[in-house]
Amino acid sequence: MEPVGLKEIKSKAPFTLPPLPFSKEALEPHVSKNTVLFHYEKHHQTYVNTANQLISGSQFENAELEQVIKATSENPEFSKLFNNAAQVWNHWFYWSCFDPRGAKSPPLKVQSAIESAFGSVEQFKNEFSAAATAQFGSGYAWLVQEGENLRVITSSNAQSPIALNVKPLLGLDVWEHAYYLDYQNRRKDYVGAFVNNMINWEFVEYNMER
Ligand code: MN
């Protein structure tokens with residue numbers, strides 16, 4: 001099933017904010033409506049607006065988002081554009097990783113890949129949670145696929161799988177703005193709520209197959 005917002009994320013500049021794939025209160029009680037409202041309507045929207053302002057009149061007019069991210073990565077002249085463009089993509093991916101219907105089991109194909117890589121789904125959850133909790137400062141935890149193998153990585157600030165040339169299956173925003181209103185300093189509880197109640201396994205499967 002094609003994820004919501006794919007059309008917006010694959011379109012050319014100027015970019016538009018991809019629709020949220022669920023209602024703002026859909027993640028309660030784990031992530032509050034207030035957190036989603038600020039995170040989506042303020043943070044995510046601002047990354048879109050700032051990227052568009054920086055692109056206007058530049059060589060990136062009419063470029064696709066992923067092209068912008070790749071071309072500006074590790075180029076100090078374009079660090080502000082990289083950060084904002086990468087955050088547009090990262091947040092689209094992040095919202096897609098939530099299943100508001102509650103805890104589900106992974107589809108068989110995903111489950112067997114996870115068992116090969118981590119031993120069990122529980123072991124994967126433990127490893128992902130530990131990485132997300134230990135990431136120092138702002139960033140993300142990702143489940144990525146390399147050939148047949150899966151592994152967990154983290155990235156700092158706006159760094160994106162698009163720039164790292166890895167294939168992401170799942171991603172979790174651990175910037176304080178993602179959880180501070182609900183969990184304050186307790187990032188571990190936010191991460192635990194995600195891995196135990198909200199992973200969108202269908203999106204993981206979609207990413208494995210694309
Ligand atoms: Mn964020």
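Remember, it's 1-based here, ligands and their atoms both numbered in the order they're listed.
The closest side-chain heavy-atom distance from L164 to W142 is not below 4.5 Å.
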Could you tabulate the donor-acceptor pairs under 3.5 Å formed by side-chain atoms of residues 126-141, not counting sequence neighbours?
unit_1	atom_1	unit_2	atom_2	d
N126	ND2	E122	O	3.4
S129	OG	K125	O	2.7
T133	OG1	S129	O	2.7
Q135	OE1	T154	OG1	3.2
Q135	NE2	S138	O	3.3
Q135	NE2	S156	OG	3.4
Y140	OH	Q87	OE1	2.6

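Protein nitrogen, oxygen and sulfur atoms, that is N, O or S, within less than 2.8 Å of the Mn ion (ligand 1) amount to 4.
Listed by first then second residue, pairs satisfying salt bridge (charged side-chain N to carboxylate O under 4.0 Å, His left out) with a partner in residues 14-27 read K24-E41, not counting sequence neighbours.
For E176, there are no salt bridge (Lys or Arg N to Asp or Glu O under 4.0 Å) partners, not counting sequence neighbours.
With respect to the salt-bridge test (charged N to carboxylate O, under 4.0 angstrom), the residues K10 and E66 qualify.
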Step by step, would you call R151 with E146 a salt bridge (charged side-chain N to carboxylate O under 4.0 Å, His left out)?
CA-CA 8 Å; R151 65 187 183 105; E146 289 169 333; 2.7 Å; yes
